[in-house]
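Counting from 1, the numbers follow the sequence of the chain as shown. Keep in mind that this is a model prediction, so the values were computed, not measured.
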Amino acid sequence: MKEKQQYRIARLLKGSGKTLSAAESCTGGEISHLITTVSGSSEYYLGSVTSYAIPIKERLLGVPAETVETFGVVSPEVAAAMAEGVRKATGSDYSVATTGLAEGGDGHYPEGTVWMAVSGPSGTRTRLFSCNLGRRGNIRQFAKAALKFLADYIENQ
(Lines give C-alpha, C1' and ligand atoms only; values in the text may rest on other atoms or scores of the structure.)
Protein backbone atom coordinates (compact mmCIF):
# COMPACT_ATOMS: atom_id res chain seq x y z
CA MET A 1 0.00 0.00 0.00
CA LYS A 2 1.23 3.49 -0.88
CA GLU A 3 2.42 5.58 2.05
CA LYS A 4 0.21 8.59 2.80
CA GLN A 5 2.10 11.86 2.51
CA GLN A 6 1.46 12.93 6.11
CA TYR A 7 3.17 9.72 7.28
CA ARG A 8 6.02 10.28 4.86
CA ILE A 9 6.48 13.79 6.29
CA ALA A 10 6.43 12.35 9.81
CA ARG A 11 9.09 9.81 8.85
CA LEU A 12 11.25 12.60 7.38
CA LEU A 13 10.87 15.05 10.29
CA LYS A 14 10.52 12.99 13.48
CA GLY A 15 13.76 13.07 15.41
CA SER A 16 15.34 15.57 12.99
CA GLY A 17 14.79 18.67 15.11
CA LYS A 18 13.22 20.30 12.03
CA THR A 19 9.80 21.95 12.17
CA LEU A 20 6.88 22.62 9.86
CA SER A 21 4.07 25.16 9.49
CA ALA A 22 1.25 25.78 7.01
CA ALA A 23 -0.61 28.72 5.47
CA GLU A 24 -3.91 27.65 3.99
CA SER A 25 -6.51 29.52 2.01
CA CYS A 26 -8.60 27.31 -0.29
CA THR A 27 -7.79 24.18 1.71
CA GLY A 28 -9.34 25.71 4.82
CA GLY A 29 -7.32 23.71 7.35
CA GLU A 30 -7.34 20.35 5.53
CA ILE A 31 -3.53 20.25 5.36
CA SER A 32 -3.29 20.88 9.09
CA HIS A 33 -5.94 18.24 9.74
CA LEU A 34 -4.05 15.62 7.73
CA ILE A 35 -0.72 16.44 9.38
CA THR A 36 -2.20 16.21 12.87
CA THR A 37 -3.81 12.82 12.24
CA VAL A 38 -0.31 11.40 12.74
CA SER A 39 0.49 10.55 16.34
CA GLY A 40 3.47 12.56 17.57
CA SER A 41 3.09 15.31 14.96
CA SER A 42 3.43 17.91 17.73
CA GLU A 43 7.15 17.09 17.72
CA TYR A 44 7.59 18.85 14.37
CA TYR A 45 4.33 20.62 13.48
CA LEU A 46 4.11 24.13 14.91
CA GLY A 47 0.75 25.23 13.51
CA SER A 48 -0.93 27.12 10.74
CA VAL A 49 -2.72 30.23 9.60
CA THR A 50 -5.94 29.66 7.69
CA SER A 51 -5.96 32.92 5.76
CA TYR A 52 -9.18 32.74 3.80
CA ALA A 53 -9.55 36.53 3.55
CA ILE A 54 -7.05 38.75 1.75
CA PRO A 55 -6.59 41.10 4.76
CA ILE A 56 -5.46 38.10 6.86
CA LYS A 57 -2.95 37.12 4.17
CA GLU A 58 -1.62 40.66 4.31
CA ARG A 59 -1.71 41.29 8.10
CA LEU A 60 -0.75 37.89 9.53
CA LEU A 61 1.38 36.47 6.73
CA GLY A 62 2.91 39.69 5.40
CA VAL A 63 1.73 39.19 1.81
CA PRO A 64 2.23 42.62 0.20
CA ALA A 65 -1.02 44.23 -1.02
CA GLU A 66 0.82 45.11 -4.23
CA THR A 67 1.48 41.41 -4.86
CA VAL A 68 -2.22 40.60 -4.58
CA GLU A 69 -3.18 43.60 -6.74
CA THR A 70 -0.56 42.86 -9.41
CA PHE A 71 -0.81 39.07 -9.69
CA GLY A 72 -4.15 38.18 -8.10
CA VAL A 73 -4.79 36.16 -4.97
CA VAL A 74 -4.60 32.90 -6.96
CA SER A 75 -1.01 33.17 -8.15
CA PRO A 76 2.42 31.67 -7.57
CA GLU A 77 3.58 34.99 -6.12
CA VAL A 78 0.89 35.01 -3.42
CA ALA A 79 1.42 31.32 -2.64
CA ALA A 80 5.17 31.94 -2.22
CA ALA A 81 4.59 34.99 -0.02
CA MET A 82 2.18 32.98 2.16
CA ALA A 83 4.69 30.15 2.61
CA GLU A 84 7.49 32.56 3.44
CA GLY A 85 5.24 34.56 5.75
CA VAL A 86 4.07 31.62 7.85
CA ARG A 87 7.60 30.29 8.04
CA LYS A 88 8.81 33.63 9.36
CA ALA A 89 5.85 34.02 11.76
CA THR A 90 6.29 30.57 13.31
CA GLY A 91 10.05 30.19 13.00
CA SER A 92 9.62 26.84 11.27
CA ASP A 93 12.25 25.20 9.08
CA TYR A 94 9.69 24.27 6.40
CA SER A 95 6.30 25.52 5.33
CA VAL A 96 3.59 24.79 2.81
CA ALA A 97 0.91 27.15 1.47
CA THR A 98 -2.14 26.96 -0.79
CA THR A 99 -4.25 29.55 -2.59
CA GLY A 100 -6.79 28.63 -5.22
CA LEU A 101 -10.33 27.99 -6.35
CA ALA A 102 -12.03 24.96 -4.83
CA GLU A 103 -15.29 26.11 -6.40
CA GLY A 104 -16.05 28.58 -9.19
CA GLY A 105 -13.59 30.14 -11.60
CA ASP A 106 -12.21 33.66 -11.52
CA GLY A 107 -11.98 34.52 -15.21
CA HIS A 108 -8.30 33.57 -15.27
CA TYR A 109 -8.28 30.13 -13.66
CA PRO A 110 -11.03 27.49 -13.76
CA GLU A 111 -12.60 25.82 -10.74
CA GLY A 112 -10.26 23.25 -9.22
CA THR A 113 -7.06 25.27 -9.60
CA VAL A 114 -4.56 25.77 -6.78
CA TRP A 115 -1.14 27.34 -6.50
CA MET A 116 0.97 25.60 -3.86
CA ALA A 117 4.24 26.78 -2.37
CA VAL A 118 6.83 25.18 -0.15
CA SER A 119 9.57 27.06 1.62
CA GLY A 120 12.67 25.90 3.46
CA PRO A 121 16.45 26.18 3.65
CA SER A 122 16.76 25.70 -0.12
CA GLY A 123 14.39 28.56 -0.93
CA THR A 124 10.78 28.70 -2.04
CA ARG A 125 9.20 26.70 -4.84
CA THR A 126 5.72 26.93 -6.38
CA ARG A 127 3.60 24.50 -8.34
CA LEU A 128 0.26 24.67 -10.13
CA PHE A 129 -2.20 21.83 -9.60
CA SER A 130 -5.71 21.30 -10.89
CA CYS A 131 -8.50 18.77 -10.58
CA ASN A 132 -12.25 18.72 -11.11
CA LEU A 133 -13.87 16.81 -8.27
CA GLY A 134 -16.34 19.35 -6.86
CA ARG A 135 -15.64 21.61 -3.90
CA ARG A 136 -15.00 18.93 -1.24
CA GLY A 137 -13.05 16.66 -3.58
CA ASN A 138 -10.95 19.55 -4.83
CA ILE A 139 -10.05 20.62 -1.29
CA ARG A 140 -9.03 17.07 -0.39
CA GLN A 141 -6.92 16.66 -3.55
CA PHE A 142 -5.33 20.11 -3.12
CA ALA A 143 -4.22 19.13 0.40
CA LYS A 144 -2.86 15.75 -0.71
CA ALA A 145 -0.96 17.34 -3.62
CA ALA A 146 0.48 20.04 -1.34
CA LEU A 147 1.67 17.42 1.17
CA LYS A 148 3.34 15.44 -1.62
CA PHE A 149 5.03 18.61 -2.90
CA LEU A 150 6.25 19.32 0.65
CA ALA A 151 7.44 15.76 1.29
CA ASP A 152 9.36 15.74 -2.01
CA TYR A 153 10.96 19.08 -1.09
CA ILE A 154 12.01 17.89 2.39
CA GLU A 155 13.30 14.59 1.04
CA ASN A 156 15.50 16.38 -1.50
CA GLN A 157 17.22 18.56 1.10
Participant: Does the side chain of Tyr45 come under 3.5 Å of the side chain of Ser32 through a donor N or O and an acceptor N or O?
Facilitator: yes

Participant: Tell me whether Leu46 shares a hydrophobic cluster with Val38, the cluster being built from Ile, Leu, Val, Met, Phe, Trp, Tyr side chains joined at under 4.5 Å.
Facilitator: no

Participant: So do Leu101 and Glu111 actually touch side chain to side chain, heavy atoms under 4.5 Å?
Facilitator: no

Participant: Should Phe71 and Leu128 be counted in the same cluster of Ile, Leu, Val, Met, Phe, Trp and Tyr side chains packed under 4.5 Å apart?
Facilitator: no

Participant: Specify the closest pair of heavy atoms between Tyr52 and Lys57, including all atoms of both residues, with the distance to one decimal.
Facilitator: O-NZ, 3.4 Å

Participant: A side-chain contact here means heavy atoms from C-beta on lying under 4.5 Å apart; do Met82 and Thr99 qualify?
Facilitator: yes

Participant: Do Ile56 and Val73 belong to the same hydrophobic cluster, where Ile, Leu, Val, Met, Phe, Trp and Tyr are linked whenever their side-chain heavy atoms lie under 4.5 Å apart, directly or via other members?
Facilitator: yes

Participant: Find the distance between CZ (Arg87) and CG (Leu20) and round it off to the nearest 0.5 Å.
Facilitator: 11.0 Å

Participant: Distance alone, cut at 3.5 Å: any donor-acceptor contact between the side chains of Glu24 and Ser48?
Facilitator: no

Participant: Find out whether Thr27 and Val114 are in side-chain contact, i.e. whether some heavy atom of one side chain is under 4.5 Å from a heavy atom of the other.
Facilitator: no

Participant: Applying side-chain contact (heavy atoms from CB on, under 4.5 Å) between Ser119 and each of Thr126, Thr124, Val86, Leu150, report the one that passes.
Facilitator: Thr124

Participant: What distance separates Ile139 CD1 from Ile31 CD1, expressed to the nearest 0.5 Å?
Facilitator: 11.0 Å

Participant: State, to 0.1 Å, how close Gly17 and Asp93 come at their nearest heavy-atom pair, and which atoms those are.
Facilitator: O-OD2, 3.9 Å

Participant: State, to 0.1 Å, how close Pro121 and Tyr153 come at their nearest heavy-atom pair, and which atoms those are.
Facilitator: N-OH, 3.9 Å

Participant: Could you pull out the closest heavy-atom pair between Ala83 and Ala117, with the gap in Å?
Facilitator: CB-CB, 3.9 Å

Participant: Around Lys14, counting heavy atoms of other residues, nucleotides and ligands shown, do more than 12 lie under 6.0 Å from its NZ?
Facilitator: yes

Participant: Tell me yes or no: between the side chains of Ser92 and Thr19, is some donor less than 3.5 Å from an acceptor?
Facilitator: no

Participant: Is the backbone N or O of Thr67 less than 3.5 Å from a side-chain atom of Thr70, with the two atoms forming a donor-acceptor pair by type?
Facilitator: no

Participant: Nearest 0.5 angstrom please: Ser130 OG to Phe142 CZ, how far?
Facilitator: 8.0 Å

Participant: Quick one: closest heavy-atom pair of Val63 and Ala81, and the distance?
Facilitator: CG2-CB, 3.9 Å

Participant: Hydrophobic clusters here meaning ILVMFWY residues chained together by side-chain heavy-atom distances under 4.5 Å, can you tell me if Tyr109 and Phe129 are in one?
Facilitator: no

Participant: Taking Val118 as the starting point, is it possible to reach Val49 by hopping between hydrophobic residues whose side chains are less than 4.5 Å apart?
Facilitator: no

Participant: A side-chain contact here means heavy atoms from C-beta on lying under 4.5 Å apart; do Ile35 and Leu147 qualify?
Facilitator: yes

Participant: Quick one: does Lys18's side chain get under 4.5 Å of Tyr94's, heavy atoms only?
Facilitator: yes

Participant: Can you list the steps and then say if Arg140 with Leu34 is a side-chain contact (heavy atoms from CB on, under 4.5 Å)?
Facilitator: CA-CA 10 Å; Arg140 185 75 172 178; Leu34 291 173; 3.4 Å; yes

Participant: Using a 4.5 Å cut-off on heavy atoms from C-beta on, say whether the side chain of Val68 contacts that of Glu58.
Facilitator: yes

Participant: Within the distance-only criterion (no hydrogens, no angle test), does the side chain of Gln5 pair as donor or acceptor with the backbone N or O of Ala145 below 3.5 angstrom?
Facilitator: no

Participant: Run the numbers on Val74 and His108 for side-chain contact (heavy atoms from CB on, under 4.5 Å), then give the verdict.
Facilitator: CA-CA 9 Å; Val74 179; His108 184 68; over 6 Å; no

Participant: Just wondering, do Val96 and Phe149 contact through their side chains at under 4.5 Å, heavy atoms?
Facilitator: no

Participant: State, to 0.1 Å, how close Leu13 and Ser16 come at their nearest heavy-atom pair, and which atoms those are.
Facilitator: O-OG, 2.6 Å

Participant: Are side-chain heavy atoms of Glu30 and Arg136 found at a separation under 4.5 Å?
Facilitator: yes

